[in-house]
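Note on naming: letters A, B, ... go to the chains in the order of the sequence lines (proteins, then strands), and numbering restarts at 1 for each one.
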There are 2 protein chains.
Amino acid sequence: MNGRYSYDGLDRILHEKARLGLLTCLASHPEGLLFNDLKELCNLTDGNLSRHLQVLQQNQIVEIFKSFEQKRPQTLCRISVEGRERFLAYIGELQKVLLDAETTSQRQNSSQALPPGWVPA
Amino acid sequence: MNGRYSYDGLDRILHEKARLGLLTCLASHPEGLLFNDLKELCNLTDGNLSRHLQVLQQNQIVEIFKSFEQKRPQTLCRISVEGRERFLAYIGELQKVLLDAETTSQRQNSSQALPPGWVPA
DNA sequence: CTACTTACTTTGCGATGTAAAGTGTCTGAA
DNA sequence: TTCAGACACTTTACATCGCAAAGTAAGTAG
């Protein structure tokens, strides 16, 4: 059996600070969001956002659309059906982590009271 | 103001699949755990575990102790007081993510019905 | 004395995330 | 009409990171 605390369901693609923010954001806005909206909502730089969207698109987690609005290029980003599924599965695993974390024993070890024979490394 | 979805509280050191497992595990076992217990609980290879513990120790998140039990070296690992604080703060931020994720709109976009003028990238 | 096990540590390297630089188009001023 | 600057991204370069594989050291069995 796999380790109780291995959390294999934590999809590497989604388990990334920036991308986790992006996906959470996109999941709450199923109609899609523009590049600049995403940039500000997730507090990312242009290059950063571009790169992460590329990764998400290549993994079929988001769909990217282009157009020209008022003579300027615009990028619209939308979470895909598959992306939503993967995101929900990921979130489910996160809930497991939180559940495990809540069972954290309250008693503190206070950096002392170690059986003899142990020396700090 | 920072982006609504930037999740700055997601401490990079803790926001790592393996280390998140390790910390969750260690937080639930404040008396500490042996190298091999951790290895199995978190389903990690020796090298992997060694490396992550080193990172966690250098960041004062865990304390490492050595001893010889039955003529074999033993490594005991325990979450530090500071480590527990950082872990709880991290978990708090995770809860925010889950809360945001739950507000996910149910209506699906079904990969269609896009305003005209948009073309797939 | 040799091979094997245990308990890790170190090394090497490919993959990843990010800042900085670059590209292309449009707009307004000189 | 030319040049600077804004806008909307994309590409590049690099340093960091995670991980598997190899290495170390000490004890044990044959």
Side-chain angles (χ1 to χ4, degrees), chain A residues 2-3 5-8 10-23 32-59 61-77 117-121, chain B residues 2-3 5-8 10-23 32-59 61-77 117-121:
Chain A
N2 266 334
Y5 295 90
S6 70
Y7 304 123
D8 296 332
L10 290 185
D11 188 332
R12 269 258 133 76
I13 306 284
L14 306 186
H15 188 68
E16 212 302 300
K17 215 163 119 77
R19 289 195 292 260
L20 180 52
L22 284 171
L23 263 284
L33 286 165
L34 297 178
F35 191 94
N36 278 318
D37 297 339
L38 274 173
K39 197 177 91 175
E40 277 164 31
L41 283 165
C42 300
N43 205 34
L44 294 168
T45 61
D46 289 12
N48 222 200
L49 174 55
S50 181
R51 200 66 185 59
H52 286 305
L53 286 185
Q54 192 183 305
V55 171
L56 290 173
Q57 187 193 21
Q58 276 162 0
N59 286 272
I61 290 166
V62 304
E63 297 158 320
I64 309 274
F65 303 91
K66 303 275 184 182
S67 82
F68 273 79
E69 304 283 338
Q70 284 134 179
K71 306 227 178 184
R72 298 220 159 269
Q74 293 270 260
T75 298
L76 179 71
C77 185
W118 292 98
V119 301
Chain B
N2 267 332
Y5 295 90
S6 70
Y7 303 123
D8 296 332
L10 289 185
D11 188 333
R12 269 257 132 76
I13 306 285
L14 306 186
H15 188 68
E16 212 300 302
K17 216 163 117 80
R19 292 196 291 261
L20 180 53
L22 284 170
L23 264 284
L33 286 165
L34 297 177
F35 190 93
N36 277 317
D37 297 338
L38 274 173
K39 197 177 89 174
E40 276 164 33
L41 283 165
C42 301
N43 205 35
L44 294 168
T45 61
D46 289 14
N48 223 201
L49 175 54
S50 181
R51 201 64 186 60
H52 286 304
L53 286 184
Q54 192 183 303
V55 171
L56 291 173
Q57 186 193 21
Q58 276 162 1
N59 286 273
I61 290 167
V62 303
E63 297 159 320
I64 309 273
F65 304 92
K66 303 275 183 179
S67 83
F68 273 79
E69 305 282 340
Q70 285 135 176
K71 307 226 179 187
R72 297 219 159 269
Q74 292 269 259
T75 300
L76 180 72
C77 185
W118 292 98
V119 301

May I ask you to verify if any side-chain N or O of His52(B) is less than 4.0 angstrom from the OP1 or OP2 atom of dC17(D)? no
Measure from CG on Leu20(B) to P on dG18(D) and round the result to the nearest Å. 13 Å
Phosphate OP1/OP2 of dG17(C): any Arg12(B) side-chain N/O under 4.0 Å: no
As a test of reading the structure: which of dT9(C), dC19(D), dT18(C) is closest to the side chain of Lys66(B), going by heavy atoms? dT9(C)
Euclidean distance, atom CZ of residue Arg51(A) to atom P of dC14(D) [Å, nearest integer]: 16 Å
Does Thr45(A) have a side-chain nitrogen or oxygen under 4.0 Å from the phosphate oxygens OP1 or OP2 of dT18(C)? no
Over all strands shown, is Ser50(B) touching base, sugar-phosphate only, or nothing at heavy-atom distances under 4.0 angstrom? base
Spell out, as yes or no, whether a donor-acceptor pair under 3.5 Å connects the side chain of Ser6(B) to the backbone of Gly3(B). yes
May I ask you to say what Lys39(A) touches in the nucleic acid, namely base, sugar-phosphate or nothing, with a heavy-atom cut-off under 4.0 Å? nothing
Are the side chain of Asn59(A) and the backbone N or O of Ile61(A) linked by a donor-acceptor pair below 3.5 Å? no
Reckon Gln74(A) touches a base, only the sugar-phosphate, or nothing at all at heavy-atom distances under 4.0 Å? sugar-phosphate
By nearest-nucleotide position on DNA chain D, the 5'-leaning member of Lys17(B) and Gly47(A) is Gly47(A)
5' priority, DNA chain D, between Asn48(B) and Asn36(A) [closest heavy atom]: Asn36(A)
Nearest to the side chain of Arg72(B), which nucleotide is it out of dT5(C), dG18(D), dC26(C)? dT5(C)
Taking 4.0 angstrom as the limit, do Glu16(A) and Arg12(B) come out as a salt bridge? yes
Start with the C-alpha gap between Leu44(A) and Leu38(A), add the side-chain angles, then the distance that decides, and say whether side-chain contact (heavy atoms from CB on, under 4.5 Å) holds. CA-CA 8 Å; Leu44(A) 294 168; Leu38(A) 274 173; over 6 Å; no
Length of the CG-P vector between Asp46(A) and dC7(D), whole Å: 11 Å
I need the CG-C1' distance between Leu76(B) and dA7(C), as an integer number of Å. 14 Å
Rounded off to whole Å, could you give me the CD-to-P distance for the Gln58(A) and dT10(D) pair? 12 Å
Roughly, in whole Å, what's the span from CG in Asp11(A) to P in dT16(C)? 12 Å
CZ of Phe35(A) versus P of dT10(D): gap in Å, rounded? 6 Å
Please report the distance, rounded to the nearest Å, between CG in Leu44(B) and P in dC19(D). 8 Å
Step-by-step side-chain contact (heavy atoms from CB on, under 4.5 Å) determination, Leu22(B) to Leu49(B): CA-CA 9 Å; Leu22(B) 284 170; Leu49(B) 175 54; 3.6 Å; yes
